[in-house]
Undergrad: 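Have a look at this one.
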Amino acid sequence: MDDIWAPLRATTQARIGLGRAGNSLPTRRVLEFQAAHAAARDAVHEPLDVEGLIARLRDLNVKGIDGPLRVCSRAASRGEYLRRPDLGRSPADLSGLRKTNADIGFVLADGLSPRALTDHAAGMVDALVREFDGRYRIAPPVIATQARVALGDHIGQALGVATVLVLIGERPGLSVADSLGIYLTHRPKPGLTDADRNCISNIHPPDGLDYATAAAVAAALVAGARKLGRSGVALKDTTRAAIGLAQSAAEPAEIDQPP
């Protein structure tokens with residue numbers, strides 16, 4: 001029998017047309033669900049390979065990018081990080097950071113999926129630097145562990161950058177466990193809210209947003225923030241029509257529960 005759902009299933013990672021076996025799902029579909037759930041759990045708990053990430057960033061040999069720095073949030077362990085989101089939003093120690101007065105700062109944060117940072121951070125940084133094409137001074141990237149999005153505000157202020165881009169592992173789902181997000185904040189400082197940021201989400205090629213497209217959106221938002229003098233709800237992404245993005249390419253963050 002032909003599977004009438006097959007053409008639609010090929011266009012989405014959503015679970016559709018699963019079928020049935022009696023009053024239950026087919027065994028294959030149950031096993032697929034359990035495997036996806038296990039992958040999502042593993043992605044949350046897997047520690048970030050910081051040394052491996054540093055090596056990949058250095059291998060890029062991107063002009064204008066110095067060696068990465070390291071910070072950690074006040075969460076002392078992965079378990080504490082998951083139980084206490086507030087600790088992940090503030091730094092343990094920023095004494096190793098110095099004022100750069102740069103235009104752009106990159107914060108590479110493990111978030112709720114360190115695997116996303118491992119898989120995509122180096123490629124995303126490379127695409128961003130290429131898209132900026134020497135227009136901005138870029139501070140040394142900062143790798144942040146046990147980190148939530150708001151930690152980037154503290155780091156951005158410590159670096160003295162005009163705009164901070166937080167590349168962070170997004171909350172894993174049952175279809176994607178390695179999705180990366182970029183949170184952009186202009187004039188970062190502690191105490192800002194999600195209304196002061198812009199988000200580019202679902203970055204995980206080849207199935208999600210690709211690096212070049214995400215970098216083009218980020219560059220447009222950076223230019224817009226510099227012109228407007230702020231980021232967040234007042235800053236709109238106008239790149240979709242120009243580069244043919246789907247409506248969901250740069251969905252806003254879930255402002256009630258950010259990483």
Undergrad: Check whether any side-chain heavy atom of Y183 lies under 4.5 Å from a side-chain heavy atom of I168, and answer yes or no.
TA: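 In contact.
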Undergrad: Would you say that I104 contacts V222 through its side chain, given a criterion of any heavy-atom pair below 4.5 Å between the two side chains?
TA: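 Of all side-chain heavy-atom pairs linking V222 with I104, at least one is under 4.5 Å.
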Undergrad: May I ask you to check whether over 12 heavy atoms, not counting those of R28, lie within 6.0 Å of atom CZ?
TA: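 At most 12 heavy atoms, drawn from other residues, nucleotides or ligands, come within 6.0 Å of this atom.
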Undergrad: Please indicate whether R230 has more than 12 foreign heavy atoms, meaning atoms of other residues, nucleotides or ligands, lying under 6.0 Å from its CZ.
TA: no
Undergrad: Are D103 and V161 close enough that some pair of their side-chain heavy atoms sits under 4.5 Å apart?
TA: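 SC-SC contact between D103 and V161 ruled out.
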Undergrad: What do the steps show when you test L82 against H45 for side-chain contact (heavy atoms from CB on, under 4.5 Å), and what is the final call?
TA: CA-CA 9 Å; L82 295 173; H45 291 282; 3.5 Å; yes
Undergrad: If we ignore hydrogens and angles and just use 3.5 Å, is the side chain of R20 paired with the main-chain N or O of P26 as donor and acceptor?
TA: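 Such a contact is absent between R20 side chain and P26 backbone.
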Undergrad: Can you tell if the side chain of R226 reaches within under 4.5 Å of the side chain of S231, non-hydrogen atoms only?
TA: no
Undergrad: Measuring from atom CD of Q157 to atom CG of L192, what distance do you get when rounded to the nearest 0.5 angstrom?
TA: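 Rounded to the nearest 0.5 Å, the CD-CG separation comes out at 9.0 Å.
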Undergrad: Could you tell me if the side chain of R56 sits less than 4.5 Å from the side chain of T118, heavy atoms only?
TA: yes
Undergrad: Under 4.5 Å between side-chain heavy atoms, hopping through other hydrophobics if needed: is there a path connecting L48 to L87?
TA: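 Different hydrophobic clusters.
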Undergrad: To check you understand the geometry: which heavy-atom pair defines the closest contact between R74 and S90, and what is its length?
TA: CD-OG, 2.9 Å
Undergrad: To the nearest 0.5 Å, what is the distance between CG (L228) and NZ (K236)?
TA: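 Rounded to the nearest 0.5 Å, the CG-NZ separation comes out at 10.5 Å.
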Undergrad: Please report the shortest heavy-atom distance between L180 and G169, naming the atom on each side.
TA: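 That would be CD1-N, 4.1 Å.
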Undergrad: Minimum heavy-atom separation for K189 and D153, please, with both atom names.
TA: O-CB, 3.4 Å
Undergrad: Taking the side chain as C-beta and beyond, is there a heavy-atom pair between L108 and V142 under 4.5 Å?
TA: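 No - every pair of side-chain heavy atoms lies 4.5 Å or more apart.
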Undergrad: Is the shortest distance from a Lys or Arg side-chain nitrogen in D49 or R115 to a carboxylate oxygen in the other one below 4.0 Å?
TA: no
Undergrad: Look up atom CD1 in I200 and atom CG in L221, then write down how far apart they are to the nearest 0.5 Å.
TA: 5.0 Å
Undergrad: Between R197 and D194, does at least one N-O distance fall below 4.0 Å, as a salt bridge requires?
TA: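 Judged by the 4.0 Å cut-off on N to carboxylate O distance, R197 and D194 do form a salt bridge.
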Undergrad: Say whether H204 and S179, considering side chains only, have a donor N or O and an acceptor N or O under 3.5 Å apart.
TA: no
Undergrad: Answer yes or no: is there a donor N or O on one side and an acceptor on the other, between the side chain of R78 and the main chain of V44, under 3.5 Å?
TA: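 Answer holds: yes.
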Undergrad: Taking atom CG of D178 and atom NE2 of H120, what is their separation to the nearest 0.5 Å?
TA: 3.5 Å
Undergrad: V176 and Y211: same hydrophobic cluster, using ILVMFWY side-chain contacts below 4.5 Å?
TA: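 V176 and Y211: separate clusters.
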Undergrad: Evaluate the side-chain contact (heavy atoms from CB on, under 4.5 Å) criterion for residues D93 and V71: first the C-alpha distance (whole Å), next the side-chain angles of each, then the deciding distance (0.1 Å), finally the verdict.
TA: CA-CA 7 Å; D93 181 16; V71 302; over 6 Å; no
Undergrad: Is the closest side-chain heavy-atom distance between L167 and V125 below 4.5 Å?
TA: yes
Undergrad: What are the two closest non-hydrogen atoms of Q146 and S77, and how far apart are they?
TA: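 What the structure gives for the nearest pair is NE2-C, 3.7 Å.
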Undergrad: Got L57 and I143 here, is their nearest side-chain heavy-atom distance under 4.5 Å?
TA: yes
Undergrad: CZ/R187 to OG1/T185 distance, rounded to the nearest 0.5 angstrom?
TA: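 Between R187 CZ and T185 OG1, I get 13.0 Å after rounding to 0.5 Å.
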Undergrad: In terms of relative ring orientation, are F132 and F106 parallel, tilted or perpendicular, with 30° and 60° separating the classes?
TA: parallel
Undergrad: Do you know which two heavy atoms are closest between Y81 and R148, and how far apart they sit?
TA: O-NH2, 3.1 Å
Undergrad: What are the two closest non-hydrogen atoms of A215 and A127, and how far apart are they?
TA: CB-O, 3.6 Å
Undergrad: Kindly work out whether a path of hydrophobic side-chain contacts (I/L/V/M/F/W/Y, heavy atoms less than 4.5 Å apart) joins L94 to V166.
TA: yes
Undergrad: In plain terms, say whether E32 and R29 are close enough for a salt bridge, that is, a side-chain N and a carboxylate O under 4.0 Å apart.
TA: yes
Undergrad: Among T163, I155, V164, D196, find the one that has a side-chain contact (heavy atoms from CB on, under 4.5 Å) with P188.
TA: V164
Undergrad: Between CD of E131 and OG1 of T213, what distance do you get to the nearest 0.5 Å?
TA: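 If we round to the nearest 0.5 Å, E131:CD and T213:OG1 are 9.5 Å apart.
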